[in-house]
Amino acid sequence: MRFKSLKGIQDILPPETYIWQHLEHTSRKVFEKYGYKEIRLPIIESSDVFTRSIGETTDIVEKEMYTFPDKGNRSITLRPEGTAPFVRAFVQHHLYNEPSPQKYYYMGPMFRYERPQAYRYRQFYQIGTEALGTEDPKLDIEVISMLANILKKIGLKKFTTEITSIGCKECRPHYKTALKKALKNKLNDFCEDCNRRYEFNPLRLLDCKVPSCVKARTVAPAIIDFLCAQCTHHFETIKHNLELLNISYVVNPNLVRGLDYYTRTAFEVTSEALGSQKAVAAGGRYDRLVKDFGGPPTPGIGFAIGIERIIPLIKKSIVHDVYPDLFICSLGREASDRGFIMTEQLRNRGLWVEMNYDELSLRSQMRKADRIKAKNVIVLGEDELKKGKILIKDMQNKKETEVALETEEILKAVSNKK
RNA sequence: GUGGCUAUAGUGUAAAGGCAGCACGAGAGACUGUGGCUCUCUUUGUACGGGUUCGAAUCCCGUUAGCCACCCCA
């Protein structure tokens, strides 16, 4: 093959595109009920939009970004996630002056230079939301609830919502200290990576999957026990209200976000059906990010759904069974021309009409109509042109109805059966 | 970035060093103006580049891509 799409980058073909549309359409409808408005953001940004917000020492920034110089030698990065560009736009356009809370959603491609695997691509698509302007836990609850609603509406049967709180700038440092102290003497039991992470990002030791590390960290204190009074209250309110709303969740104190900007609430939705790439959506609160971008202190919370990871889970339940309303068979030049004009007229009146492009035997044309599962067929030949009448054949029950050879008459006859 | 497995037609699969085949799909026709069945014909194929051999889809090396487990995440 001479040309191929790049590694980890895929084409999305029909009929799968219809599942994508279903997903996008359904989430848009839910977003509107919650007051979210669409925002369209650029795919490329100045690199420091990401390095400053996501964190210099995170894996995303350290090794997964598509970064390159443009012709003016500026460092450009293909967005690896949506929140940083959003906050940049939020501050740039003073969106904090809109009535609070400000709620936005977006959908589009993200780019990470990773080793591809099933459901993990270098260009992947997210549906994301951001809501800002209040620290109130009701917003957190609403966001988690909305996510669950979307997932249910698009047909996802089984999923788990995991939540935790990772504290704020007051309490997290205390936890970090306690964690390091508790693990200090056990470092020999941890893997090499964990030993490296111990120094600059000890929270990471909590979600290492190496069995020996899982075992060794059982002595680690839970961050939940170190939350300050406000964070504890915040978290407890969320849990309480999720129960009132009948939204099932599990607290996973080892849930750690890979991006530095998160505070307090962190959550992740997983599906066991996916193997090791089991996260289908994830998000959290980011109360300092707007200020970091030079805006007024504005708390916020958001999440992103990974489209590619949802698709295989709902594929079977979505059937795209839309077929042409009418197929026009034509015999001879004159009939073909007349048929073509009718085809266009009927399409403009709202019908899906097909006809044959080449001159073929009637048998062939009928076969084609059958193969594309056209609901009705008319045959247009010399007789019909002469008589000014045609038969509309219903392909399901084989019944034929005679109507006048006029666009309006055909439209009426076919529409009645729709 | 690390380790492993894999790559044959549009798709799914055979050919264990000796004729690249089968099924499905797709296109046309047999059947003079009515589809689904049947039959016939057609269909850009051994991922790419080298090597071993009289001879390679098959063995070896490299590249690329996909998959799996890590890492990390959506």
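Keep in mind that the numbers below use all heavy atoms, side chains included, and drop hydrogens, waters and symmetry copies. Since the model is a prediction, treat every value here as computed from it, not as a measurement. Convention: sequence-line order gives letters A, B, ...; per-chain numbering from 1.
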Output a table of nitrogen or oxygen pairs between the protein and nucleotides 6-8 of chain B separated by less than 3.5 Å.
none

Item to complete: Identify the heavy atoms of A/Asn149 and A/Tyr34 that sit nearest to each other, and give their distance.
Response: ND2-OH, 2.9 Å
Worksheet item: Shortest non-hydrogen contact from A/Ala89 to A/Leu41?
Response: CB-CD2, 3.6 Å
Practice prompt. Note every stem involving RNA chain B: at least three consecutive Watson-Crick or G-U wobble pairs, i with j then i+1 with j-1, with both distances under 3.5 Å.
Written response: B:1-7 with B:64-70, B:10-13 with B:21-24, B:25-30 with B:38-43, B:47-51 with B:59-63
Less than 3.5 Å apart, which donor and acceptor atoms pair up between the side chains of residues 376-389 of chain A and the rest of the protein, not counting sequence neighbours?
residue, atom, partner, partner atom, Å
A/Asn376, OD1, A/Lys417, NZ, 2.8
A/Asn376, ND2, A/Asp325, O, 3.0
A/Glu384, OE1, A/Gly381, N, 2.9

Worksheet item: Using a distance-only test with no angle check, is there a side-chain donor-acceptor pair under 3.5 angstrom linking A/Asn252 and A/Thr164?
Response: no
Worksheet item: Checking all strands, does A/Ala369 fall into the base, sugar-phosphate, or nothing category for heavy-atom contacts under 4.0 angstrom?
Response: nothing
Worksheet item: So what does A/Tyr119 hit on the nucleic acid, given a heavy-atom distance under 4.0 Å: a base, only sugar-phosphate, or nothing?
Response: base
[atom1] atoms of [N] and [M], separation to the nearest Å:
| N | M | atom1 | answer |
| --- | --- | --- | --- |
| B/U58 | B/G36 | P | 43 Å |
| B/G10 | B/U43 | P | 12 Å |
| B/G18 | B/C59 | C1' | 15 Å |

Discussion item. Taking the minimum atom-to-atom distance to the side chain of A/Val379, which one of B/C73, B/G33, B/G66 wins?
Written reply: B/G33
Fill in: Residue list, side-chain contact (heavy atoms from CB on, under 4.5 Å) with A/Ser53, at least two apart or on another chain
A/Ala84, A/Tyr261, A/Leu289, A/Phe293
Fill in: Residues which pass side-chain contact (heavy atoms from CB on, under 4.5 Å) with A/Gln10, listed by chain and number, not counting sequence neighbours
A/Ile12, A/Tyr121, A/Glu308
Worksheet, complete the sentence: The correct set of residues in residues 383-400 of chain A placing a heavy atom under 4.0 Å from RNA chain B is A/Asp383, A/Glu384, A/Lys393, A/Met395, A/Lys398, A/Glu400
Worksheet item: How many angstroms lie between NZ in A/Lys37 and CZ in A/Phe31, if you round to the nearest 0.5 Å?
Response: 15.0 Å
